[in-house]
> 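This is the structure I have questions about; it appears just below.
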Amino acid sequence: MQSLSSSLQADPSNEKRALNWSYVLIGVADGTLLPFVPLFLLQRGMTAPLIGAVLAAAALASLAAGLSWAYLVDRRLRPERIIVVASVAAALAALLLVLTNGAAVLTAVIVVLWLARAPFMLLDPIALRRLRKSRRTDYARIRLRMSAGWAASVTVAGGVYQVISLRLMPFVYAPLTALFGLWVWRSLKPAPGVESAERQSAPPVQHVTRLPLALVGFLFSSFLLGASLAATQNFLTLRISFLGGGAFLIGAAAAFQALTEIPTMGYTHVLTRYLGHRTLFAVGCAIYMVIFVAWAFISNPFAAAALKLGVGVAFALTYVASVVLTDELTPARLRATGQALVKSTTFGLAPVAGSFGGGLIYGTLGPRAMFLISTGVVAAAGLVALVAVPSLAKRSTEAVTTAAAEAATVTP
């Protein structure tokens, strides 16, 4: 019976099905929470600079937790089980929002919730490890399921919150994130086989724990991108609200983004036949530039929300390119750490600067200045990626040279 269970788990089609639904469920859960947190804080009486400070503190906590978990996963712990525990912790932390009174306590609970959610970033290393037995382009087709789940839930959640109250948010998010954890526990069993084989076949050289210079450069590019996204996405929510839009329009805007993410992710394998992943990343940054400039001058909430259709294309290009580039640039023994570094930089460290700085600029200089400054930052992100990340042909040549040098080092 055990051998039968193991064979079913090892079947690539079963693994892809399990991954597909994992991404759907986390998308559904996050769609009921993440787009509405700034509005939730605004309704609790916080100003734009204070909201930025709260989100920055939460991002900093998530950064530290994400890197710590990735470090442990690359050495001894199983990421699948960490995600299960994290889903329970996130559900409990979300329910604490119901009991909060006062800015200080609310800030503390938001930080705890982001700490609990930090291990969810391990889902990508889990997927990439399993996809080593199939085509790498399958990642984008799996990841688009998260966008599909997000699109469905964020629209419904926005409508419910506008009709009833945003105070329902913890009661909606908690069971959905717990359901995600239950699915991972039942369907994504720890699969150490591929990782163990890689570790055993890797040459025992001393410098294996050092990160390549190209990855360090890409981390800087990811920081610039994440800072611009944190500033624009968080405070676009406030902008739509100030222009007369409610929770439903905010949810619809997030759904617009997901609707264009899905086909874009589905066709990235076609785009990569003509453009490398670093070029796709730069193209995504260029699309962001156009949208940020438009947001700086638009005063209609519906037009501002509609521009999220373009954000979906840009996000799909930069996100998929980022995951694949990180996997290619990172040594085999540090793949979970590499993914956590880039995600923690983009969605952890960068939002500390983007949320805090964006809140200050929004509150002092106004939304137009904030969007235009973000335009310059995302332009720099695309340029840095083009310069810092070598072409695929050059990376292949360097990999062959490195492998030969390592073989010579270990040959007696």
Side-chain angles (χ1 to χ4, degrees), residues 15-37 62 66 79-80 82-84 86-87 90-91 114 116-131 136-158 172-173 175-185 187-188 225-226 229 233 251-269 280 284 308-309 311-324 326-327 339-340 342-344 346-348:
E15 289 191 336
K16 288 181 183 179
R17 189 178 304 112
L19 287 169
N20 284 339
W21 280 104
S22 297
Y23 277 96
V24 169
L25 292 174
I26 189 59
V28 169
D30 283 352
T32 65
L33 173 76
L34 299 184
F36 305 102
V37 169
S62 179
E80 295 86 356
I82 296 174
I83 288 179
V84 172
S87 68
W114 257 243
R117 294 184 66 259
F120 292 168
M121 70 176 65
L122 297 174
L123 189 58
D124 275 343
I126 291 172
L128 288 167
R129 185 177 60 187
R130 284 164 163 78
L131 289 178
R136 305 301 302 281
T137 53
D138 285 346
Y139 168 75
R141 298 177 181 179
I142 292 174
R143 172 57 179 79
L144 65 82
R145 266 71 176 184
M146 181 186 290
S147 300
W150 172 284
S153 70
V154 75
T155 307
V156 175
V172 176
Y173 175 74
L176 289 175
T177 195
L179 178 62
F180 162 67
L182 178 63
W183 174 263
V184 171
W185 178 63
S187 303
L188 290 181
L225 174 63
L229 292 183
Q233 304 305 303
F256 292 160
Q257 175 178 336
L259 289 176
T260 49
E261 280 178 27
I262 295 169
T264 305
M265 287 186 176
Y267 282 93
T268 51
H269 68 286
L280 290 181
K308 293 281 277 186
L309 291 167
V311 171
V313 176
F315 180 82
L317 294 178
T318 55
Y319 188 92
V320 173
S322 176
V323 170
V324 178
T326 302
D327 195 62
Q339 292 293 338
V342 173
K343 284 187 174 58
S344 295
T346 308
F347 305 109

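The model shown is predicted, which means the values in this text are computed figures rather than measured ones.
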> Rounded to the nearest 0.5 Å, how far apart are CD1 of Ile126 and CG of Leu19?
8.0 Å

> Restricting to non-hydrogen atoms, name the atom on Ile262 and the atom on Ala148 that form the minimum distance, rounded to 0.1 Å.
CD1-CA, 3.4 Å

> Less than 4.5 Å apart, any side-chain heavy atom of Leu176 and any of Tyr173?
no

> In Å, rounded to the nearest 0.5 Å, how long is the span from CD1 of Ile83 to CH2 of Trp185?
15.5 Å

> Going by side-chain contact (heavy atoms from CB on, under 4.5 Å), name the residues that satisfy it together with Ala91, two or more places apart in sequence or in a different chain.
Ala174, Thr177, Ala178

> Among residues at least two apart in sequence or on other chains, which ones pass side-chain contact (heavy atoms from CB on, under 4.5 Å) with Leu25?
Leu179, Phe180, Trp183

> Under the side-chain hydrogen bond (donor to acceptor under 3.5 Å, both in side chains) rule, collect the residues that match up with Asp30, sequence neighbours excluded.
Arg117

> Taking only residues at least two apart or on different chains, which pairs with a member in residues 251-264 satisfy side-chain hydrogen bond (donor to acceptor under 3.5 Å, both in side chains)?
Ser147-Glu261, Gln257-Glu261, Gln257-Lys308

> Restricting to side-chain contact (heavy atoms from CB on, under 4.5 Å), what partner residues turn up for Pro119, sequence neighbours left out?
Trp69, Ile82, Ala86, Leu122

> Say you draw a straight line from CG of Leu259 to OG1 of Thr155; how long is it, rounded to the nearest 0.5 Å?
7.0 Å

> Between Val184 and Ser22, what is the shortest heavy-atom contact and its length?
CG2-OG, 4.1 Å

> Name every donor-acceptor pair, under 3.5 Å, that has one atom in a side chain of residues 312-324 and the other anywhere in the protein, sequence neighbours excluded.
{"residue": "Thr318", "atom": "OG1", "partner": "Ala314", "partner atom": "O", "Å": "2.9"}
{"residue": "Thr318", "atom": "OG1", "partner": "Phe315", "partner atom": "O", "Å": "3.2"}
{"residue": "Tyr319", "atom": "OH", "partner": "Asp124", "partner atom": "OD2", "Å": "2.6"}

> For Ala151 and Ala258, which heavy atoms make the closest approach, and how far apart are they?
CB-CB, 3.4 Å

> So, for Trp150 and Pro35, which heavy atoms are closest and what is the spacing to 0.1 Å?
CZ2-CG, 3.3 Å

